[in-house]
Number of protein chains: 2
Amino acid sequence: MEEKIKRTRRTAEEARRVILDAAERRLADLGPEGIRLQDIASDVGISHPTILHHFESREGLVLALTERTREQLRQDLFAAFSGPSARDADIHQIMARVFEILSKRGHARLTGWMILSGAISQTPDRGMLRDLTDLIHPKRAEEFRLRGLPVPSREDTLFVVMLGAVTAFGDGLFGPVVRQAAGITDEVKTMEQFRDWFAELLRSRMIPPAQ
Amino acid sequence: MEEKIKRTRRTAEEARRVILDAAERRLADLGPEGIRLQDIASDVGISHPTILHHFESREGLVLALTERTREQLRQDLFAAFSGPSARDADIHQIMARVFEILSKRGHARLTGWMILSGAISQTPDRGMLRDLTDLIHPKRAEEFRLRGLPVPSREDTLFVVMLGAVTAFGDGLFGPVVRQAAGITDEVKTMEQFRDWFAELLRSRMIPPAQ
DNA sequence: CACACTACTATCAAAATTGTAGATAGTCAA
DNA sequence: TTGACTATCTACAATTTTGATAGTAGTGTG
């Protein structure tokens with residue numbers, strides 16, 4: 001006697017989404033070895049050939065995940081910097097949000113893995129930080145201009161942005177190990193203190209000097 | 001007619017060394033998928049069971065590599081900060097050396113991979129940055145004391161060290177992608193400029209304010 | 001209702017990878 | 001020289017993993 005098996009049939013788009021979600025979770029949690037078709041499939045509750053059906057190959061899955069992660073990151077970052085709530089938020093809040101995006105959501109780890117595995121170089125680059133700099137620099141220049149101070153170069157703003165990026169990514173991936181090597185006992189508390197300290201450092205570079 | 005095959009027989013120590021060298025190179029160059037016993041073996045010019053003979057298992061190899069990398073990093077960093085040449089080198093030269101250690105030798109990439117794969121948490125931690133802070137902080141405090149200025153807390157020095165570490169690691173792994181996202185064309189030149197700019201930022205935090 | 005479309009499954013094939021077993025050959029010490 | 005030791009090899013086994021094939025079952029449209 002044969003069992004009638006219930007199939008849940010999703011739209012192709014929905015199927016791709018849940019598969020990518022599962023792959024993302026596995027990769028962020030379990031590291032480089034975590035992206036096995038069978039495991040991902042069983043997480044979703046489907047058979048592994050279904051993944052191949054939607055993504056052609058394992059590599060196709062990886063590339064799709066890379067692209068989606070990049071795009072999400074771009075959107076999250078721009079939301080943090082140009083959303084309505086960012087209008088009068090100070091840099092502490094914004095940096096807190098950036099760090100949160102990169103560490104809590106595991107984006108730093110994901111990106112690190114993608115860089116190491118070479119997937120990221122096969123995916124289109126959209127000049128995220130260039131655009132971010134172009135968003136920030138005019139405002140910053142204006143602040144200086146209003147006070148009659150020498151306007152900092154765009155390159156200076158770019159370097160501040162790059163430092164923010166490198167540090168936020170670096171903290172997301174290397175942070176825990178660095179804090180351990182620093183002999184820190186209260187991870188969570190120190191993490192927040194460090195981020196605040198760093199945000200203050202960035203702020204003192206960004207704003208015009210006190211008159 | 002049988003060919004007499006020449007075997008090169010190394011001491012166990014030497015064999016372990018060349019195997020770890022090859023594994024390190026593959027991992028830094030090729031990423032997570034680069035650590036395959038057969039490939040490493042053929043790089044060295046041996047058969048893959050020889051690797052198993054020396055390291056018990058693939059995992060044993062990974063752990064041995066993790067430990068060695070950590071120890072090398074520790075030694076390199078301490079050499080940069082307390083070696084004879086570091087006596088009157090300024091922070092620009094020291095940071096340049098730190099960045100070089102982490103990027104050129106691929107240590108940042110290696111460490112990133114080890115974190116992602118979970119290997120690093122199975123290896124002893126020696127509080128490298130804590131020790132580094134204890135090496136630096138007294139000197140720094142003395143500089144302030146001599147000038148009759150309020151002495152910064154050890155925590156402040158620790159944060160500067162942590163920022164240096166996070167940024168140097170972050171740059172070693174994420175740097176190229178960040179620079180690409182920043183729309184930078186001349187990678188090498190910008191990299192140097194950024195590092196100098198960052199070293200100057202660190203210096204301005206570290207030294208006593210101008211009288 | 002009938003039919004086309006396609007998301008999905010079971011099963012198989014092929015390749016790669018780690019690990020085992022037993023034989024072989026350098027090396028050193030007695 | 002002889003013998004013990006062990007670094008290294010060849011050959012094989014077991015497992016895992018990606019991918020191919022062909023058929024099944026929801027879903028929407030004429």
Side-chain angles (χ1 to χ4, degrees), chain A residues 1-23 25-27 29-66 113-114 116-119 122, chain B residues 1-23 25-27 29-66 113 117-119 122:
Chain A
M1 48 180 71
E2 307 273 315
E3 278 283 338
K4 265 280 163 60
I5 295 139
K6 255 263 197 71
R7 291 186 189 180
T8 44
R9 184 192 174 103
R10 288 167 251 250
T11 65
E13 189 190 20
E14 175 72 3
R16 288 174 62 97
R17 223 204 62 222
V18 295
I19 292 169
L20 288 175
D21 285 347
R25 233 175 300 124
R26 274 200 170 270
L27 210 48
D29 295 350
L30 275 49
E33 339 274 300
I35 194 163
R36 248 134 229 186
L37 296 187
Q38 303 237 39
D39 300 338
I40 296 169
S42 85
D43 282 359
V44 180
I46 58 177
S47 67
H48 87 268
T50 300
I51 298 179
L52 291 171
H53 169 72
H54 286 290
F55 295 95
E56 306 288 314
S57 65
R58 186 199 125 103
E59 200 194 335
L61 172 67
V62 169
L63 289 183
L65 181 58
T66 306
W113 178 82
M114 285 161 189
L116 286 173
S117 69
Q122 294 174 48
Chain B
M1 49 183 68
E2 305 273 317
E3 279 282 340
K4 265 278 161 62
I5 295 139
K6 252 255 198 79
R7 290 186 189 180
T8 43
R9 185 192 172 104
R10 287 168 253 250
T11 65
E13 191 191 19
E14 175 72 4
R16 287 173 63 98
R17 223 205 63 221
V18 295
I19 292 169
L20 287 175
D21 286 346
R25 234 175 300 125
R26 275 200 107 78
L27 209 49
D29 293 351
L30 275 49
E33 339 272 300
I35 195 163
R36 249 133 229 186
L37 296 187
Q38 304 238 36
D39 300 337
I40 296 168
S42 84
D43 282 359
V44 180
I46 59 178
S47 67
H48 87 267
T50 300
I51 299 180
L52 292 170
H53 169 71
H54 286 290
F55 295 96
E56 306 286 314
S57 65
R58 186 199 124 105
E59 200 194 335
L61 172 66
V62 168
L63 289 182
L65 181 58
T66 306
W113 178 82
S117 69
Q122 294 174 50

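Hydrogens, waters and symmetry mates play no part in the numbers below; they use all other heavy atoms, side chains included.
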Tabulate protein N/O versus nucleotide N/O from nucleotides 27-30 of chain C, keeping only pairs under 3.5 Å, one per line.
none

Discussion item. Would the distance check show the side chain of B:Ser57 and the main-chain N or O of B:Gly60 forming a donor-acceptor pair, the cut-off being under 3.5 Å?
Written reply: yes
Worksheet item: Within this structure, what is the CD-to-C1' distance between A:Glu33 and D:dT16, rounded to whole angstrom?
Response: 13 Å
Worksheet item: Do the side chain of B:Thr11 and the main chain of B:Glu14 share a donor and acceptor less than 3.5 angstrom apart?
Response: yes
Worksheet item: Side-chain N or O of A:Thr50 less than 4.0 angstrom from OP1 or OP2 on C:dC8?
Response: no
Worksheet item: Counting just side-chain N and O atoms, does B:Arg7 come under 4.0 Å of either OP1 or OP2 of C:dT24?
Response: no
Worksheet item: Does the side chain of B:Arg26 reach to within under 4.5 Å of the side chain of B:Asp43, using non-hydrogen atoms?
Response: yes
Worksheet entry | A:Arg25 (side chain) donor-acceptor with A:Leu20 (main chain) under 3.5 angstrom | no
Worksheet entry | Salt bridge flag under 4.0 Å for residues A:Arg16 and A:Glu13 | no
Item to complete: Calculate, to the nearest 0.5 Å, the distance between atoms CD1 and CD1 belonging to B:Ile46 and B:Ile51 respectively.
Response: 5.0 Å
Worksheet item: Starting at CD1 of B:Ile40 and ending at P of C:dG19, how long is that distance when rounded to a whole Å?
Response: 12 Å
With the criterion being N/O to N/O and under 3.5 Å, what pairs connect the protein with nucleotides 18-20 of chain D, and how long is each?
unit_1 : atom_1 : unit_2  : atom_2 : d
D:dT18 : OP2    : A:Leu37 : N      : 3.3
D:dG19 : OP2    : A:Arg58 : N      : 2.7
D:dG19 : N7     : A:His48 : NE2    : 3.0
D:dG19 : O6     : A:His48 : NE2    : 3.4

Worksheet item: Any idea which heavy atoms bring B:Ala119 and B:Val62 closest together, and the distance?
Response: CB-CG1, 3.7 Å
Practice prompt. Could you state the atom-to-atom distance from CD1 of B:Ile19 to P of D:dA7 in whole Å?
Written response: 11 Å
Worksheet item: Do you know the tightest heavy-atom contact between B:Ala15 and B:His54?
Response: CB-NE2, 3.5 Å
Item to complete: Taking all non-hydrogen atoms of both residues into account, name the closest pair between B:Phe55 and B:Ile19 and its distance.
Response: CE1-CG2, 3.6 Å
Item to complete: Send over the distance from B:Phe55 CZ to D:dA7 P, rounded to a whole Å.
Response: 12 Å
Worksheet item: Within the pair B:His53 and D:dC9, is there a side-chain N or O less than 4.0 Å away from OP1 or OP2?
Response: no
Worksheet item: Nearest-Å distance, CD1 (B:Ile46) to C1' (D:dC9)?
Response: 11 Å
Fill in: Spacing of B:Ile51 atom CD1 relative to C:dT20 atom P, expressed in whole Å
15 Å
